[in-house]
Amino acid sequence: MSKNGNTRKRPPPPPQPSPAQTPKHHAASQEDDFLDEDVFLDETLLLEDEEILRDSEGRQALAARLSKWSRPPLSDAYVSQSRSILFQQLEIDYVIGESHKELLPNSAGPAAIIRIFGVTREGHSVCCHVHGFEPYFYISCLPGMGPDDISRFHQILEARMKEVNRNGKVPKYIRRIELVEKKSIMYYQQQTSQPFLKIVVALPTMVTSCRGILDRGIQIDGFGTKSFITYESNVLFALRFMIDRNIVGGNWIEVPAGKYKKTAKNLSYCQLEFDCLYSELISHTPEGEFSKMAPFRVLSFDIECAGRKGHFPEPTHDPVIQVANLVTLQGENQPFIRNVMTLNSCSSIVGVDVMPFDTERKVLLAWRDFIREVDPDIIIGYNICKFDLPYLIERAETLGIAEFPILGRIRNSRVRIKDTTFSSRQMGTRESKEVTVEGRVQFDLLQAVQRDYKLSSYSLNSVSAHFLSKQKEDVHHSIISDLQNGNAETRRRLAVYCLKDAYLPQRLLDKLMFIYNYVEMARVTGVPISFLLSRGQSIKVLSQLLRKAKQKGLVIPNVKHAGSEQGTYEGATVLEARAGFYEKPIATLDFASLYPSIMMAYNLCYCTLVTPEDVRKLNLPPECVNKTPSGETFIKSNLQKGILPEILEELITARKRAKADLKEAKDPLEKAVLDGRQLALKISANSVYGFTGATVGQLPCLEISSSVTSYGRQMIEHTKKLVEDKFTMLGGYEHNAEVIYGDTDSVMVQFGVDTVEAAMNLGREAAEYISGTFIKPIKLEFEKVYYPYLLISKKRYAGLLWTNPDKFDKMDTKGIETVRRDNCLLVKNLVNECLHKILIDQDIPGAVQYVKNTIADLLMNRMDLSLLVITKGLTKTGDDYEVKAAHVELAERMRKRDAATAPNVGDRVPYVIIKAAKGL
DNA sequence: AAACGTTCCTAC
DNA sequence: TCAGGTAGGAACGTTT
């Protein structure tokens with residue numbers, strides 16, 4: 001239950017075998033099969049002396065465990081600090097601390113210290129304290145402001161900062177103000193640069209308060225009261241550091257020997273901990289050797305709680321009774337540590353270190369010690385961010401174990417639990433909890449799968465069934481307490497389940513190559529890995545934009561949230577669907593990455609957009625500008641190339657290279673990296689357009705997004721016209737071509753020919769011909785043929801998909817009940833079967849008969865209408881009530897027939913099926 | 001009855 | 001300031 005990310009109710013699982021049965025008596029049962037064959041294949045690593053195992057509190061056992069858990073010892077070169085430290089960083093944050101006196105002799109008072117956590121090639125953990133990097137932002141300099149004015153401005157601003165930050169204790173709020181030459185990224189500007197002021201403040205939070213002062217307006221002698229647009233004042237400090245030092249998420253960093261100082265007193269539990277200046281860091285581009293992964297330690301864990309019957313476990317009441325852990329080195333396919341901490345005795349499990357304790361307190365503290373000793377770099381699990389981690393912490397709080405939540409890499413630093421109260425009218429007040437474990441990346445498989453895959457259920461079991469082909473009965477939450485209250489054998493059974501729930505996330509991580517894909521995404525976009533699950537899409541585009549802008553001397557303004565009046569803009573064209581059943585091949589022509597190509601072809605960018613005012617003033621020659629179909633004017637690339645087109649070109653070029661390298665690659669790990677990279681590059685290119693249209697985002701520019709869609713609309717209409725004008729009998733072809741449908745970047749063409757092969761040839765000819773009429777890199781491609789093709793309406797169709805003329809690839813279905821997740825399984829099965837009969841068997845009467853039979857079958861046994869469970873809130877109108885009643889009755893009949901496929905609350909049943917049911 | 005608005009989920 | 005976009009179908013509720 002706790003693992004179930006799906007809030008929709010499902011029928012209860014079949015009854016579990018009696019807990020009284022001992023596993024040994026049914027060693028061939030599914031659960032043992034599953035575990036013995038899969039989880040613990042590699043037993044040699046963990047064969048333990050049974051004596052030691054049982055004596056969990058013995059010093060000997062503890063010592064043995066610690067030595068097995070700990071990281072490899074440091075070599076002499078590290079100890080003597082005679083070598084450079086090279087490590088792959090996984091996490092970057094900052095703290096406020098006293099300025100480093102040796103490294104920064106001229107500074108005093110509190111300062112932001114960047115912390116970089118990572119792992120060396122040998123598997124040593126690293127904590128690097130980076131000093132001297134200061135928070136800053138920009139404003140544009142007022143015309144006529146000289147050095148004296150700036151110095152006066154500095155004083156005024158400092159005074160205002162003092163007022164606003166009354167309890168802050170820094171010697172100086174505004175460290176300095178530098179006059180720099182920059183240019184705003186917004187709008188085409190002829191001049192090469194303008195004076196800007198770089199305002200360097202003492203602490204990162206002061207960027208926000210200083211921005212507030214400048215936003216509201218400030219009185220400056222000789223200039224009156226002025227308010228300023230700030231630039232790059234919303235860039236998170238750690239990201240600012242990464243951008244300025246050219247560090248991207250998950251890359252390798254080197255600190256040369258002699259450039260770092262071992263910390264006087266270790267603040268962290270890391271093996272290598274040192275201080276250095278921000279300017280001494282060498283950031284390696286993730287290529288060649290530096291595209292490899294360090295051997296990070298990945299901990300996968302799961303907890304079991306003894307919830308009261310019928311209640312979801314609450315940390316204030318219900319104890320944690322088991323914690324299962326698996327630790328795997330990145331790149332290896334078997335965990336090197338497997339253990340389970342249990343409350344009360346537990347029979348041994350082959351290949352697993354069973355650690356029984358007599359109090360819950362000891363269980364929790366054992367886990368804390370385990371974390372500290374193993375020192376995992378990445379913590380994974382299923383729903384750990386919203387359940388397991390907060391639960392452990394709140395439980396320890398309830399039990400008054402103050403020393404428990406020291407789980408991060410910083411000594412004596414308690415894990416912070418942030419309560420984010422999310423209040424919405426619909427959900428009421430919903431609390432969500434956010435746990436930060438310093439120096440360790442949390443990677444919740446539930447979040448990752450929900451982000452990357454569309455599934456009908458996100459329970460661990462069904463996700464595992466989907467990706468790992470492992471169907472496994474879950475232990476029902478109602479019997480967890482019974483198993484716990486039984487004996488060592490029943491608790492063993494529970495432990496086996498707990499281990500499974502720790503094991504499956506690890507398998508998912510490997511199977512879906514999340515590490516490779518996410519590290520590559522972090523490298524491509526430049527954000528820390530932790531952002532990828534905890535933040536949205538836009539931060540990734542912003543990160544790339546800031547980096548590119550910095551190279552070009554451009555700065556990015558903080559646009560004010562313009563409210564809701566900004567409105568929306570027109571999107572893509574969906575061509576009228578000529579609904580019907582097509583028994584001749586339909587060729588599909590698609591624009592390859594339409595929106596990125598449009599942005600590149602027409603040089604659409606913030607910095608190429610010409611304001612309407614400048615259009616009149618600048619008198620730009622027509623050969624230098626494009627006027628978009630939505631009426632905006634952009635500079636052509638011969639005058640100045642846009643940043644967005646440049647980012648896109650790089651992403652696309654890099655993707656081509658990654659794909660080419662992928663073909664050459666032999667090593668499976670290298671292949672995984674490259675495949676992850678090409679995927680990351682594709683996704684990144686596609687999200688640039690969305691970023692410009694995100695009205696609540698960081699830098700919306702609807703002139704760009706509406707221009708993109710307006711070109712797109714023009715292009716699809718142009719394509720339709722060209723196809724229908726050229727491929728005619730008058731033009732020498734056998735038939736007149738007809739565009740029967742099209743959506744955004746595609747057109748479906750009936751060329752009139754009878755064979756797939758002929759349609760393919762004409763499709764290729766059309767794609768080539770039409771591509772020639774567009775500017776580079778816009779390209780129309782022939783992709784596939786549908787034959788036969790059932791077009792129901794816009795965004796709803798099905799057909800057999802052919803990519804070669806010999807045999808069809810598959811049945812492809814779009815928008816129909818079969819692909820929607822709000823229909824019950826019976827409806828999906830029914831519609832799927834019908835489509836199969838229509839498309840593959842070409843038996844339409846058979847499909848009709850099939851529907852009739854199914855409904856009739858459902859109606860065999862009479863139903864009463866007493867159970868109104870499907871739809872809530874019946875209306876008073878007689879007819880509506882009738883429909884509802886039919887709906888409910890049908891649902892109930894389905895339930896009697898087969899509970900697994902019957903509708904649940906919230907499921908839809910198509911109207912046609914209700915009508916059919918009523919009619920019979 | 002028809003028209004319109006909301007919710008959900010999908011296509012692109 | 002947690003948060004990529006618009007178009008569109010189907011079911012269902014409410015208003016006219």
### Message
Any side-chain N or O of A:Arg821 below 4.0 angstrom from OP1/OP2 of B:dT10?
### Response
yes

### Task
Tell me which nucleotide among C:dG4, C:dT1, B:dC9 gets nearest to the side chain of A:Gln698.
C:dT1

#### Entry: side-chain N/O A:Lys814 vs B:dC12 OP1/OP2, d < 4.0 Å
yes

### Task
Could you please spell out the steps behind the ring pair (Phe, Tyr, Trp, His ring centres under 6.0 Å) verdict for A:Phe774 and A:Phe591?
CA-CA 11 Å; A:Phe774 289 111; A:Phe591 286 102; 5.3 Å; yes

### Message
Mind checking if A:Ser538 touches a base, just sugar-phosphate, or nothing, with heavy atoms under 4.0 Å?
### Response
sugar-phosphate

### Query
How would you label the contact of A:Gly693 with the nucleic acid (heavy atoms, under 4.0 Å): base, sugar-phosphate, or nothing?
sugar-phosphate

### Task
Mind calculating the distance between CG (A:Asp743) and C1' (C:dT6) to the nearest angstrom?
10 Å

### Query
Any side-chain N or O of A:Arg796 less than 4.0 Å from the OP1 or OP2 oxygen of C:dA10?
yes

### Query
Is there a side-chain polar atom (N or O) of A:Thr744 under 4.0 Å from OP1 or OP2 of B:dA11?
no

### Message
Is the shortest side-chain heavy-atom distance between A:Val207 and A:Phe237 below 4.5 Å?
### Response
no

### Query
Between A:Ala694 and A:Ile792, which is nearer to the 5' end of DNA chain C once each is assigned its nearest nucleotide?
A:Ala694

### Message
If I take atom CG in residue A:Leu780 and atom P in nucleotide B:dC12, what distance separates them, rounded to the nearest angstrom?
### Response
15 Å

## Note on the structure
To the nearest angstrom, the CZ-P distance between A:Arg451 and C:dC2 comes to 15 Å

### Query
How about A:Asn832 and A:Thr818: does a side-chain donor come under 3.5 Å of a side-chain acceptor?
no

### Query
Looking across every strand, which nucleic acid part, if any, lies under 4.0 Å from A:Lys795 by heavy atom: base, sugar-phosphate, or nothing?
base

#### Entry: Separation of C:dG9 P from A:Asn823 CG (nearest whole Å)
17 Å

### Task
Starting from P on C:dG8, measure out to CD on A:Glu817 and report it in whole angstrom.
19 Å

### Task
Evaluate the ring pair (Phe, Tyr, Trp, His ring centres under 6.0 Å) criterion for residues A:His466 and A:Tyr453: first the C-alpha distance (whole Å), next the side-chain angles of each, then the deciding distance (0.1 Å), finally the verdict.
CA-CA 11 Å; A:His466 189 262; A:Tyr453 298 93; 7.6 Å; no

### Task
Select base, sugar-phosphate, or nothing to describe what A:Val819 touches, counting heavy atoms under 4.0 Å on all strands.
sugar-phosphate

### Query
Touch check for A:Ser793, heavy atoms < 4.0 angstrom, all strands: base, sugar-phosphate only, or nothing?
sugar-phosphate

### Query
Please give, in whole Å, the distance from B:dC12 C1' to A:Glu570 CD?
16 Å

### Query
What distance separates A:Gln698 CD from A:Asn234 CG, expressed to the nearest 0.5 Å?
4.5 Å

### Task
Describe, in one word, how the ring planes of A:Tyr711 and A:Tyr602 are oriented to each other, choosing from parallel (under 30°), tilted (30 to 60°) and perpendicular (over 60°).
parallel

### Message
In whole Å, I'd like the distance from the CE atom of A:Met715 to the C1' atom of B:dC12.
### Response
14 Å

### C1' gap between B:dC12 and C:dG4, integer Å
14 Å

### Message
Whether A:Lys794 contacts C:dA10 is assessed here as follows: a side-chain N or O lying under 4.0 Å from the phosphate OP1 or OP2. Is that the case?
### Response
no

## Note on the structure
Here the distance between atom P of C:dG5 and atom CE of A:Met599, to the nearest Å, is 15 Å

#### Entry: Sugar-phosphate only, base, or nothing, as touched by A:Tyr797 at under 4.0 Å among non-hydrogen atoms
sugar-phosphate

### Message
Heavy-atom nearest nucleotide on DNA chain C for A:Tyr689 versus A:Glu576: which residue maps closer to 5'?
### Response
A:Tyr689

